[in-house]
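Order of appearance sets the numbers: ligands from 1, and atoms from 1 within every ligand. We number each residue from 1, following the sequence as shown. Bear in mind that the values here come from a model prediction, so they are computed numbers and not experimental data.
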Amino acid sequence: MSDLETRQQAFARLFPDLPAYRQRQAAAAVFNVEWGSWTDVSPLPEAVRATAASEIPWITHNDHLIQESADKEAYKAALKLADGSGIETVLMRNRRGHWTVCVSSQVGCAMKCTFCATGTLGLKRNLNADEIVDQYRFWRRLMHQENMAGQITNIVFMGMGEPLANYEAVREALQQLLEHTDIGPTRITVSTVGLIPVLNQLLDDPEWPPVRLAVSLHSADQRTRERLMPTTYDVFLTDLAAWAERYLKQFKSRRRHLTFEYLMLAGVNDDADHAERLIEFAKPLGKVKINLIPYNATDAAYAGSPPDQVKRFAGWLTKAGLDVTRRRSLGQDIDAACGQLANKQ
Ligand code: SAH
């Protein structure tokens with residue numbers, strides 16, 4: 001857990017003698033979109049509300065700046081946290097006309113993927129669970145106040161940071177979201193660079209909620225993946241395959257699959273050989289989905305694969321019997337797309 005005290009911990013510290021149901025009321029209260037401060041929480045006794053209002057921040061950021069994409073399909077917010085750190089979170093319209101919130105799990109990131117803008121920041125610190133769920137609360141409240149149409153139906157942990165490098169806070173955030181929103185576990189996706197020990201840990205952890213997982217594969221060729229993602233060690237792909245088998249065995253159900261994200265980089269990982277490697281890697285695993293991701297420009301010296309090549313690549317995979325989807329990219333004009341979150345503001 002991050003060393004920042006959470007709201008729940010502060011509440012328990014300030015009101016040690018209150019019965020447990022009051023703690024639960026307080027935990028639920030912050031998710032009530034009608035309320036904007038502790039003073040509003042009418043079910044709590046007056047004195048508790050007053051103390052909470054002066055001692056516990058209602059929300060963990062104290063300033064925000066919103067950018068809107070020209071097509072109004074994506075919004076990015078830069079949030080300023082109590083210690084002055086900045087994080088970014090994105091709200092985007094999905095194909096069904098509902099909304100997906102993309103949350104950050106760390107300030108910066110230590111993984112140093114060579115195509116990602118966040119990686120250039122290095123890791124500043126972990127977020128605590130409140131700072132993670134408050135990104136969702138921020139958008140929910142804003143949509144409510146602005147009377148925006150549609151609901152937030154999905155949450156993706158694809159903002160700044162590596163969620164599995166902040167395991168406990170992410171797990172607690174997931175638990176809070178599942179308990180206090182009507183978003184179910186199959187509508188929440190945690191995306192990871194593939195930290196094998198932590199991936200194994202979560203399979204053994206009864207407290208880890210059954211949310212969807214996506215692994216950023218980006219190449220099934222050892223050398224290429226090493227070049228793209230410095231976290232790749234010599235037997236990474238073997239270990240990942242072994243883990244994936246374990247995962248799929250454990251979550252055997254129609255609704256369960258494992259997603260591999262695959263960034264399409266021109267001349268790097270998008271030719272027939274790379275498709276072959278990917279097929280050899282993914283095919284034996286069974287229920288996996290390959291999500292092809294268009295590259296969003298950063299300062300890195302890469303170019304996205306041309307649409308024709310993406311089509312061809314997808315064709316090879318489909319022909320081999322793999323389940324392929326293509327990610328729509330939103331918010332590029334406001335640097336809100338995957339891999340572009342780097343606190344430019
Ligand atoms: N640390 C997590 C979440 C990162 S962001 C992870 O590694 O999965 C979510 C996805 O965006 C990841 O698959 C990441 O590799 C990808 N991404 C990073 N930079 C990108 C870029 N410039 N263009 C497109 N996708 C990018």
Side-chain angles (χ1 to χ4, degrees), residues 74 76 87-90 92 100-124 126-127 132 135 154-167 169-170 173-174 188-196 198-199 202 211-220 224-232 236 240 243 258-266 268-270 278 288-305 310 325-344:
K76 176 168 90 169
I87 52 167
E88 295 181 329
T89 174
V90 178
M92 57 210 148
T100 296
V101 166
C102 175
V103 298
S104 294
S105 56
Q106 299 182 308
V107 184
C109 186
M111 300 298 128
K112 300 240 175 312
C113 299
T114 56
F115 45 80
C116 178
T118 309
T120 61
L121 300 172
L123 177 65
K124 303 266 163 55
N126 280 332
L127 297 182
I132 298 172
Q135 298 168 59
N154 293 70
I155 300 173
V156 295
F157 283 66
M158 297 189 187
M160 306 168 96
E162 166 49 44
L164 296 190
N166 185 15
Y167 185 79
V170 166
L174 291 169
I188 302 181
T189 302
V190 173
S191 177
T192 174
V193 74
L195 299 180
I196 302 291
V198 191
L199 283 169
L202 69 86
V211 295
R212 285 197 197 281
L213 289 174
V215 178
S216 299
L217 182 60
H218 303 332
S219 176
T224 309
R225 197 175 191 279
E226 278 171 6
R227 181 179 148 200
L228 294 173
M229 305 170 82
T231 48
T232 312
F236 172 79
L240 180 62
W243 173 80
L258 183 61
T259 300
F260 290 118
E261 292 157 289
Y262 197 98
L263 186 57
M264 296 295 298
L265 297 171
V268 175
N269 63 357
D270 65 348
L278 179 54
V288 297
K289 248 196 188 120
I290 311 292
N291 191 205
L292 300 180
I293 310 182
Y295 173 65
N296 301 307
T298 65
D299 292 336
Y302 292 109
S305 308
V310 177
T325 52
R326 270 186 263 174
R327 180 175 295 168
R328 221 165 42 120
S329 189
L330 293 174
Q332 280 160 305
D333 58 333
I334 52 170
D335 280 345
C338 295
Q340 292 185 318
L341 302 184
N343 293 333
K344 280 198 205 162

Please identify which atoms of ligand 1 are closer than 4.0 Å to at least one heavy atom of Gly161.
-> 1 (N), 2 (C), 3 (C)
Rounding to 0.5 Å, atoms CG (Leu199) and CG (Leu240) come to a distance of 7.5 Å
Where's the contact between Val193 and ligand 1, heavy-atom distance under 4.0 Å: side chain, backbone, both or neither?
-> both
Which of the atoms in ligand 1, numbered in the order shown and given with their element, are less than 4.0 Å from a heavy-atom of Cys116?
-> 18 (C), 19 (N)
Is there a donor in the side chain of Glu162 and an acceptor in the side chain of Thr192, or the other way round, less than 3.5 Å apart?
-> yes
Using the test ring-ring contact (aromatic ring centres under 6.0 Å, His included), find all partners of Phe260 that sit at least two apart in sequence or belong to another chain.
-> Phe281
Tell me: protein heavy atom nearest atom 5 (S) of ligand 1, and distance?
-> Met158 O, 3.2 Å
How far is atom 2 (C) of ligand 1 from its nearest protein heavy atom, and which residue and atom name does that atom have?
-> Ser191 O, 3.2 Å
What residue and heavy atom of the protein are closest to atom 24 (C) of ligand 1, and at what distance?
-> Leu263 CD1, 3.3 Å
Inter-residue atom distance Thr259.OG1 - Ile290.CD1, 0.5 Å rounding = 8.5 Å
Closest protein heavy atom to atom 10 (C) of ligand 1, given as residue, atom name and distance to 0.1 Å | Glu261 OE2, 3.8 Å
Protein contact to atom 4 (C) of ligand 1 [nearest heavy atom, distance to 0.1 Å] | Gly159 O, 4.1 Å
Check each of Tyr262, Phe115, Tyr302 against His218 using the ring-ring contact (aromatic ring centres under 6.0 Å, His included) test, and report the only one that passes.
-> Phe115
Check each atom of ligand 1 against the heavy atoms of His218 and keep those under 4.0 Å away; list them by number with element.
-> 13 (O), 14 (C), 15 (O)
For ligand 1, which part of Ala214 has a heavy atom less than 4.0 Å away: the side chain, the backbone, both, or neither?
-> neither
State, without any angle test, whether Asn126 and Gln106 hold a side-chain donor-acceptor pair at a distance under 3.5 Å.
-> yes
List the closest protein heavy-atom neighbour of atom 13 (O) of ligand 1: residue, atom name, distance to the nearest 0.1 Å.
-> Ser216 OG, 2.6 Å
Can you pull out the closest protein heavy atom to atom 19 (N) of ligand 1? Residue, atom name and distance to 0.1 Å, please.
-> Gly339 CA, 3.1 Å
Interfacing atoms of ligand 1 (cut-off 4.0 Å, heavy-atom, Thr298) = 22 (N)
Check: Tyr295 N/O within less than 3.5 Å of ligand 1 N/O = no
Which bit of Asn296 is near ligand 1, meaning a heavy atom under 4.0 Å away: side chain, backbone, both or neither?
-> both
Polar proximity ligand 1 side, Phe157 side, N/O cut 3.5 Å exclusive | no
Specify the protein heavy atom at minimum distance from atom 21 (C) of ligand 1: its residue, its atom name, and the distance to 0.1 Å.
-> Cys338 O, 3.2 Å
